[in-house]
Every structure is written in structure tokens, then in C-alpha cells.
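A short worksheet on the structure shown next.
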2 protein chains.
Amino acid sequence: MAATSPPPTLTAERILEATEEVLRRHGPAKATVVDVARALGVSHGTVYRHFRTKAALREAVTKRWLDRTSAALSGIVAEDRAAEDRLRAWLAALFEAKRRKAGDDPELFATYMVLVDENGPAVAGHIADLTGQLTRIIADGTASGTFTVSDPAAAARVVFQATGRFHDPGYAREWERPEADGDFASLVDLLVRGLR
Amino acid sequence: MAATSPPPTLTAERILEATEEVLRRHGPAKATVVDVARALGVSHGTVYRHFRTKAALREAVTKRWLDRTSAALSGIVAEDRAAEDRLRAWLAALFEAKRRKAGDDPELFATYMVLVDENGPAVAGHIADLTGQLTRIIADGTASGTFTVSDPAAAARVVFQATGRFHDPGYAREWERPEADGDFASLVDLLVRGLR
DNA sequence: CAGCTGACAGATTTCAATATCTGTCATTCC
DNA sequence: GGAATGACAGATATTGAAATCTGTCAGCTG
């Protein structure tokens with residue numbers, strides 16, 4: 001498993017890439033720091049020079065992975081459309097992104113679920129990030145009179161929690177069921193009605 | 001651990017009581033059919049005369065346990081109050097009942113969670129039961145004009161799913177956090193507004 | 001004879017010995 | 001001298017043998 005090009009310098013980024021690859025191949029339970037080092041052609045001591053612990057490495061990989069989702073969604077927040085449309089699009093995109101990740105990268109997704117279980121800061125940060133995006137949409141809607149909400153941040157929290165079934169990894173199994181899309185649409189309708 | 005009174009006849013009910021006791025004491029992982037038989041002073045073959053498999057026994061215990069919650073809630077459905085009040089009271093009672101069970105009987109609760117994981121019919125039945133109760137309240141509210149809902153059953157499904165964070169055992173850890181009650185109240189407000 | 005028993009086969013769990021991994025650090029290498 | 005190494009101690013995971021459990025059933029018992 002030699003690298004395709006001679007390794008220039010060992011950066012944190014290169015380690016994260018290799019770790020993601022190892023995780024994808026072996027899954028979270030069987031992916032060791034030694035494996036990552038071997039994939040990079042270095043000793044495992046070197047990896048510890050960049051990440052203090054295995055947990056920190058796992059967390060960094062997950063953060064990178066989660067940030068890709070956040071970035072995609074933040075595009076929707078910035079779009080020039082009615083707040084209600086953005087809210088619907090944003091929630092749909094979140095559901096779709098999670099569903100796709102669970103299906104495409106089951107091993108990485110399992111790693112993410114381990115982190116959720118451990119209450120890792122990366123997950124807390126991700127949730128804070130997403131809730132922040134939601135807050136912005138809802139605040140916009142409140143400003144324009146579409147929504148009637150006294151505390152947009154609290155409303156965002158509630159909307160995020162209420163839609164948990166469609167983005168919380170614990171429910172991943174349900175996402176493939178045929179009723180999922182219909183249930184999701186009904187839920188979003190109910191929540192939007194409640195915000196108006 | 002001799003029985004307090006001489007065993008009259010071995011009924012399914014007596015087995016369920018003993019099983020619940022064993023589960024409470026040993027937890028779901030370490031509670032064996034042999035233990036249950038020993039607690040009853042019979043051979044384990046006898047237990048198998050009443051329950052075909054260990055899974056069936058576990059399921060029956062859980063069902064009995066869940067039915068106690070359902071029965072308590074069905075009282076609220078039948079009360080003579082406005083639908084909105086009943087909806088709020090019902091959801092609050094559900095949250096409170098689950099929270100109490102998780103705190104008081106952690107071992108039995110763990111058994112319940114195993115069942116949820118296995119997608120046992122007892123759990124599906126319990127959910128169907130609860131959703132049915134919700135449907136009745138929402139249908140009442142629709143009839144009286146408080147709620148505006150085209151399909152009360154679908155609305156009940158959505159309300160149940162949206163409040164999952166406050167009754168799904170997977171979230172049990174969150175129920176003790178101080179924000180839980182506030183979040184719950186906000187969520188119920190939002191949902192009630194959406195139903196009107 | 002209806003209900004219960006206990007021995008049994010196969011599946012699962014436990015346990016302890018062994019191997020591997022994590023995280024540190026004195027030393028080596030460019 | 002800054003980056004990487006690899007030997008090491010303690011923690012964790014793997015493994016395979018022994019013990020226990022599940023589910024069956026021929027026979028005992030009242």
C-alpha cells in the first residue's frame with residue numbers, strides 16, 4: 001500500500017486523509033494508530049507528534065467529515081430566497097446528506113456514531129454550527145414577518161431536536177424505509193405552520 | 001431466596017413476576033431462564049412450557065411493563081377537557097413516565113432498550129397503541145375546530161416522532177439535563193401552534 | 001394423563017493466557 | 001536542532017478452552 005507519490009512532508013492533513021482511508025477500510029473498531037502509521041510509511045510515534053491521543057485523531061477526522069456537511073448547508077443559508085423556502089431546503093438537504101453518508105460510507109458513519117456516544121466536542125460543535133445556521137434562517141424569517149417567534153435561537157434548537165429522527169445517526173436504520181420521505185414532509189409542514 | 005408463600009400453581013403471570021424480579025436484580029444481560037426457574041423453584045424446562053423461547057419471555061415482560069404506561073395515558077385521553085389541554089397533558093405524562101421508568105428501574109429499562117433494538121413486536125404494538133391514543137385526541141380537536149388537520153392519524157404519527165427526544169429510550173441520558181424541561185415545553189408549544 | 005423433570009446437543013458466554021495497541025521518551029538521523 | 005524512530009510499560013483486545021445457557025424431549029410423578 002505505497003503512497004502514489006513520494007511523501008513530501010508529514011502534515012496533519014496527510015495523516016487525516018490516511019486515517020479516513022484506514023477507517024473506511026477497517027471500520028472504527030479495527031482501525032489502529034499503528035495501521036495509520038503503516039499506511040503512511042512512518043512509525044506510529046510520528047503520528048503521536050501531530051495528535052496527542054487516538055481519540056483526538058478520531059475526533060479530528062470526524063470533524064473534517066462533519067464540516068463538509070456544514071459547509072454545503074451554509075450555502076443554503078446564504079441563498080437569496082424566502083426564509084421559509086430556505087428552511088425547507090435546508091432541512092431536506094440535511095436529511096439527504098446524512099442519509100447519503102450513512103449509505104455511502106458506513107464505516108465512517110459508524111465512527112461518527114461512536115463519537116456521538118462519547119459526546120465528543122466535535123459533535124457538540126457540529127450541532128452548535130447547524131443550530132446557528134438554522135437560527136439565522138429563522139431570524140431572517142422573523143425579520144421579514146413570515147415567522148412569529150420570540151427567540152429565534154430557541155426556535156432553532158427546537159426545530160433541530162424535533163427533526164432529530166431525520167438526522168440523528170441513531171435513527172439511520174429508519175431512513176431507508178419507504179415512509180421516511182412522507183413522514184419527513186409532514187413533519188416539516190407541521191413545524192413551518194408552527195413557526196408562522 | 002424461597003418464595004414467601006407455597007406456590008399454588010405455576011401460571012404465566014407468576015413467571016412474568018419472577019422474571020421481572022430477576023431482571024431487576026441481574027439486568028438483561030445476566031438474567032437467564034435458569035435463574036427465573038430457580039427463583040420459582042421449578043426446573044427451567046417448566047418455564048419453556050409457558051414461553052416458547054427466552055425472547056418470547058423477555059418480550060412478554062416488556063409488554064406488561066409497557067402496558068402499564070399505556071393504561072395510565074389512556075385515562076388522559078378519556079378526560080373531559082379541551083383537546084389541546086389533553087394533548088399537552090398527555091405528552092407531559094408520557095415524558096414523565098418514561099423519565100421515571102428510566103430512573104427507577106434502570107435494569108428493566110435496559111431490557112426495554114434491547115427490545116427496541118431488536119424491533120420486537122411488543123414495542124411496535126406499544127407505539128401503535130400510543131399513536132392511536134394521540135390520534136383520538138387530535139381527531140377530537142379537529143372535530144371541535146381547535147385543530148386544523150386533514151389526517152389526524154398522520155398528524156399523530158408526526159407529533160409522536162417529533163417528540164421522540166422525550167420518550168425514545170435512546171435519548172434517556174438527556175432527560176436528566178436541566179434544559180430538558182424547557183426544551184420540552186418549547187417543542188410542545190411549537191407543535192400545538194402547528195396543529196391549530 | 002397433565003404437568004414437571006433432568007439429561008442432552010448445540011449455541012453462547014466466560015475466563016485467563018497471549019498478543020496487540022496506546023502513549024512516552026531517550027536516542028538516532030538528517 | 002527539529003523531526004522521526006523504536007523499545008518499553010501499562011492498557012486493551014483476541015483467542016481458544018471450559019463453563020453455562022437455551023431449547024428439546026423421553027420418561028417420571030402425583
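Keep in mind that what you see is a predicted model, and the values were worked out from it rather than measured. The chains referred to below are lettered A, B, ... by the order of the sequence lines, with proteins before strands, and numbering in each begins at 1.
The Thr32(B) side chain lies nearest to dC21(D) when the options are dA4(D), dC21(D), dG23(D). Looking at the side chain of Lys30(A), the nearest of the listed nucleotides dT14(D), dA3(D), dG23(C) is dT14(D). Listed nucleotides: dT24(C), dT5(D), dT5(C). Nearest to the side chain of Val42(A): dT5(D). Comparing dG23(D), dT22(C), dA4(D) against the side chain of Val34(A) picks out dT22(C) as the nearest.
At whole-Å resolution of the value, NE2 in His50(B) and C1' in dC4(C) are 9 Å apart. Atoms CZ (Arg14(B)) and C1' (dC4(C)) sit 14 Å apart, rounded to a whole Å. One can place CG of Asp35(A) at 10 Å from C1' of dC21(C), the figure rounded to the nearest angstrom. We find that CZ of Arg38(A) is positioned 11 Å from P of dT20(C), with the value rounded to whole Å. With rounding to whole Å, Arg49(B) atom CZ is found 6 Å from dG3(C) atom C1'. The distance from atom CD1 of Ile15(A) to atom C1' of dA3(D) is 12 Å, rounded to the nearest whole Å. Residue Arg58(B) contributes atom CZ, which lies 13 Å from atom C1' of dC21(D) at whole-angstrom precision. One interatomic measurement links the two molecules: OH of Tyr48(A) to P of dA9(D), which rounds to 17 Å at whole-angstrom precision.
In this structure, OG1 in Thr163(B) is found 5.5 Å from CG in Leu91(B), a value given to the nearest 0.5 Å. Note that the CZ atom of Arg81(B) and the CG atom of Leu87(B) stand 10.5 Å from one another [nearest 0.5 Å].
Atom NZ of Lys98(B) is surrounded by more than 12 heavy atoms from other residues, nucleotides or ligands within 6.0 Å.
Here Val33(B) lies in heavy-atom contact (under 4.0 Å) with sugar-phosphate atoms only.
Phosphate contact (OP1/OP2 of dT5(C), side-chain N/O of Ser43(B), threshold under 4.0 Å): present.
For the pair Lys54(B) and Gly41(A), nearest-nucleotide mapping onto DNA chain D gives the more 5' position to Gly41(A). Of the residues near DNA chain C, Gly45(A) and Ala29(B), the one whose nearest nucleotide (by heavy atom distance) lies more toward the 5' end is Ala29(B).
You won't find any donor-acceptor pair under 3.5 Å spanning the side chain of His44(B) and the base of dG6(C), going by distance alone.
Taking the six-membered ring where tryptophan is involved, the planes of Phe184(B) and Phe95(B) are tilted, since the angle between them lies from 30° to 60°.
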Kindly indicate, with the supporting measurements, whether the criterion side chain to side chain contact (heavy atoms under 4.5 Å, CB included) is fulfilled by Asp105(A) and Tyr112(A). CA-CA 11 Å; Asp105(A) 267 338; Tyr112(A) 168 37; over 6 Å; no
